[in-house]
Amino acid sequence: MSNRFGKNDWKTIDEGLSRCYLLANGLGGFSSLSVAGSPAQNSQALFMACVKAPNQRVSLISWMLEEVTQDGKTVSLSSQSFVDFTKNLDGFTRLDSFSLDPFPRWTFKQGGVEIIKELAMEHGKNTLALRYVVRNQTDSEAALSITPQLQFAPKGEQPEPLQEYTTSQGLIQSAGIGLHFITNGECETFETKLVADAYFHKDATEGRKAVGVMASNHSIKLVVPPLANSELAVVYSLDALEQSSAQSLAQEIFANEAARLQSLEDKAGFECGIAKTLTRSADAFIVFRESTQGKTIIAGYPLFEDWGRDTMIALVGCCISTKRFEDAKSIFRTFIKYLKDGLMPNIFPEGESVPAYNTADAALLFIVAIQEYFNVSNDLSFVEEAWPAMAEIIEKYSSGTSYNIHEDSDGLIIAGSGFDQVTWMDVRIGDILPTPRHGKPVEINAYWNNCLEAMARFAGLLHKDGAEYSKKAEKAKESFNSKFWSDELSCLKDVITENGDPCESQIRCNQIWAVSLPSKILDTEREKKVVRKVYQELYTPCGLRSLSPSDPEFKPAYGGNMFSRDLSYHQGTVWGFPLGGFLLADLKANGDEAVERVKSRLQDLGPVLDEGCIGQIAEIYDGLVPAASRGCYAQAWSVGEVLRVFDKLR
């Protein structure tokens with residue numbers, strides 16, 4: 001992948017809005033704007049703070065209006081569209097380059113004045129540092145003025161109609177929140193100006209509300225003499241800023257964060273450039289959860305929160321493949337605290353709310369992740385710590401728990417009923433279930449068999465009786481092969497239903513995990529056939545299609561209003577995270593002959609990491625032509641699952 005872009009990448013403002021960067025602070029807060037320097041959707045912001053980690057996020061500064069004045073003429077460095085398009089800002093025409101290594105860096109040129117802008121976030125704090133280097137190569141004075149576009153509103157929402165903003169003595173206040181700042185520039189306050197017609201490109205294309213509201217009441221100015229260089233620094237924080245020098249504090253934040261990211265890269269030990277990039281990208285998802293005083297994983301930016309299923313899939317690559325073992329154990333412990341009736345929470349509680357447990361896979365994936373952790377760390381003491389939780393999961397899945405999750409007489413797991421969607425294909429639109437998978441889903445039963453084998457192994461290591469686990473595993477494996485394998489399809493059925501519904505024979509990506517898991521539930525010949533079928537029908541360089549294009553229910557594109565998007569979500573849309581499972585399955589089924597092929601396909605991810613959110617892999621892409629990222633532009637399990645493949649190839 002490249003980390004540098006130039007004018008040919010933003011010939012129009014829409015092209016400038018099509019890529020973005022992401023910085024995160026380890027609390028759930030982030031900074032994420034387009035390469036053009038403005039938000040492409042309401043959920044983006046220059047400074048998105050998190051007032052209670054990780055999900056109570058507040059957009060403080062939407063974007064920064066940046067202007068250069070010279071010889072009485074003022075031009076904008078900012079790029080922002082407005083509803084009627086008559087007052088659009090065209091700063092992208094003065095943008096010479098953008099890079100991300102590891103911080104976003106813009107280089108503008110106006111006449112003979114060069115302006116270099118950089119920003120960083122302090123890890124573990126709601127603090128943002130900006131610095132501008134102005135190189136005035138002309139014979140006249142130049143002035144840089146920056147004006148924060150304030151929101152002080154929950155992520156994705158708009159300020160209240162009569163919301164007030166005050167700025168004085170290094171403190172911006174609104175909606176009960178105080179944002180401290182220090183700067184070496186000259187701060188000038190003025191009467192609040194309201195902008196109520198900002199237009200957000202990505203929201204418009206994906207059927208969301210595309211108009212934004214923001215306000216400004218002060219600007220910060222730096223005057224640069226002729227033939228001189230100067231630097232403007234500004235640091236914003238929800239905490240009081242005691243240091244008197246904005247420049248030295250900004251420098252400290254940049255240096256500390258660069259060193260931290262480099263240490264993560266060194267610890268992971270990857271040699272491939274793409275793997276190194278994804279190691280840094282994975283860090284954005286690993287965050288602190290205040291309610292448990294432990295770590296968790298944000299599912300995706302800028303839209304999602306921390307969910308059980310996503311976390312259990314993502315942590316293997318994001319934490320274990322990158323050797324962040326303490327973070328992995330902290331995440332496991334976070335979820336163990338909320339284990340209930342053998343189920344892991346799908347959605348965590350916030351405030352007085354209770355967790356939602358509507359997932360059949362999170363608890364099984366917890367055991368799979370423990371297995372992967374042990375395989376790398378050899379940490380048997382933690383396996384013993386987690387044993388009671390794992391044993392409870394197996395016992396409850398066997399005897400029966402919520403959401404009709406129970407072991408059938410054939411040793412396989414039944415899950416879901418009514419309107420309860422408990423696999424990852426979980427969309428419900430009122431009384432419509434676009435992907436009903438009630439019965440025996442293929443991946444749930446692959447996880448089940450793997451968990452039983454893992455428990456038998458752990459029992460032996462811990463000197464416990466594992467005979468029952470071995471017996472159950474053998475029975476489940478026999479039933480899996482006899483009931484899921486289809487000679488007609490030359491692959492696995494997606495789900496076994498009570499009445500033999502047509503959805504049984506749909507060709508979906510869920511079967512790939514029956515091959516990629518550590519246990520060997522299929523013989524090698526069947527594994528190869530699954531990999532071949534998935535490649536023929538579902539593989540793309542961005543991920544796997546969720547449904548074969550040959551299926552009459554296939555939807556070629558993801559877009560439109562919420563109803564249209566939900567209908568297509570799992571009906572052919574390409575998902576990034578199953579790509580890791582496919583590549584791992586290819587290596588497992590085909591051995592040495594697959595190594596160079598898999599390495600080549602990993603290199604195909606270079607352009608994927610240059611598109612959308614730079615250095616990240618998105619949640620989803622269109623099903624027929626997956627050329628542009630959709631949904632969350634940075635998705636934890638998409639990144640984590642690919643990191644697992646790089647780890648396997650070491």
Side-chain angles (χ1 to χ4, degrees), residues 309-310 312-314 316 346 359-365 368 405 412-416 421-427 433-451 476-477 479-481 483-486 489-497 501-519 521-522 526-527 529-540 543-551 553-555 568-586 588-589 619-620 623 637-638 641 644:
R309 174 188 300 116
D310 295 61
M312 290 305 129
I313 293 174
V316 178
N346 193 30
T359 167
D361 41 13
L364 298 177
L365 287 164
V368 173
I405 298 170
L412 298 176
I413 294 295
I414 292 175
Q421 295 275 71
V422 294
T423 73
W424 74 279
M425 293 185 167
D426 57 0
V427 172
L433 302 181
T435 48
R437 303 182 71 229
H438 300 335
K440 300 171 182 176
V442 65
E443 78 280 15
I444 299 299
N445 282 284
Y447 301 151
W448 172 242
N449 173 262
N450 186 92
C451 290
K477 181 176 181 178
S479 295
F480 187 95
N481 276 272
K483 296 193 174 182
F484 279 100
W485 184 258
S486 169
L489 298 173
S490 196
C491 66
L492 294 169
K493 297 178 181 178
D494 186 63
V495 61
I496 304 300
T497 65
D501 296 339
C503 64
E504 283 194 357
S505 299
Q506 289 184 310
I507 297 175
R508 295 189 177 274
C509 59
N510 301 304
Q511 61 185 299
I512 202 64
W513 293 296
V515 182
S516 66
L517 286 165
S519 65
I521 196 169
L522 300 173
R526 285 184 172 182
E527 287 181 337
K529 288 182 178 179
V530 167
V531 171
R532 192 178 308 127
K533 177 65 71 171
V534 169
Y535 177 74
Q536 291 169 353
E537 303 272 355
L538 307 175
Y539 172 80
T540 81
L544 299 188
R545 295 185 176 95
S546 47
L547 181 64
S548 169
S550 63
D551 194 288
E553 295 187 16
F554 176 79
K555 302 286 191 262
S568 63
Y569 205 36
H570 300 112
Q571 297 291 67
T573 295
V574 169
W575 286 74
F577 85 96
L579 179 63
F582 170 74
L583 297 177
L584 289 170
D586 195 4
K588 181 181 176 185
E619 176 194 10
I620 53 176
W637 60 9
S638 300
E641 285 294 272
R644 290 183 63 201

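- No side-chain heavy atom of D310 sits under 4.5 Å from any side-chain heavy atom of F577.
- Checked options D426, D494, D501; the residue passing with R437 is D494 (criterion: salt bridge (charged side-chain N to carboxylate O under 4.0 Å, His left out)).
- Looking at heavy atoms from C-beta onward, N510 lies in side-chain contact with W424 at the 4.5 angstrom threshold.
- Side-chain contact between L433 and H438: present, with at least one pair of heavy atoms (C-beta onward) separated by less than 4.5 Å.
- Here the side chain of K440 pairs no donor or acceptor atom with the backbone of F480 at under 3.5 angstrom.
- For F554, the CZ atom is densely surrounded, since the number of other residues' heavy atoms within 6.0 Å is greater than 12.
- Here the side chains of V534 and C491 are not in contact, with every heavy-atom distance at 4.5 Å or above.
- Residues forming a side chain to side chain contact (heavy atoms under 4.5 Å, CB included) with K477 (at least two apart in sequence, or on another chain): N449, N481, I521.
- Contact of the I413 side chain with the I405 side chain is registered, since non-hydrogen atoms from C-beta on lie closer than 4.5 Å.
- The closest donor-acceptor contact from the side chain of R508 to the backbone of H570 lies under 3.5 Å.
- Ring geometry for W575 against W637 counts as perpendicular: the plane angle is over 60°, on a 0 to 90° scale with 30° as the lower cut.
- With hydrogens and angles ignored, the 3.5 Å screen pairs no side-chain donor or acceptor of Q511 with any backbone N or O of F484.
- Checked against side chain to side chain contact (heavy atoms under 4.5 Å, CB included), A585 has the following partners two or more places apart in sequence or in another chain: I512, V515, S516, V531.
- Side-chain N or O atoms of S546 include one that pairs as donor or acceptor with a backbone N or O of T573 at under 3.5 Å.
- Not counting sequence neighbours, the partners of D361 by the salt bridge (Lys or Arg N to Asp or Glu O under 4.0 Å) test are R309.
- Using modelled atom types, no side-chain atom of R545 and backbone atom of G572 make a donor-acceptor pair closer than 3.5 Å.
- To the nearest 0.5 Å, atoms NZ (K529) and CH2 (W485) are separated by 5.5 Å.
- For the pair Q506 and L547, the minimum side-chain heavy-atom distance is below 4.5 Å.
- The shortest distance between side-chain heavy atoms of W513 and P578 falls below 4.5 Å.
- Listed for the Q571 side chain is a donor-acceptor partner under 3.5 Å among the backbone atoms of P434.
- No side-chain heavy atom of L412 sits less than 4.5 Å from a side-chain heavy atom of I496.
- Going from atom OG of S568 over to atom CD1 of I620 covers 7.0 Å, rounded to the nearest 0.5 Å.
- Between S548 and the choices E537, K533, E553, the side-chain hydrogen bond (donor to acceptor under 3.5 Å, both in side chains) rule is met once, by E537.
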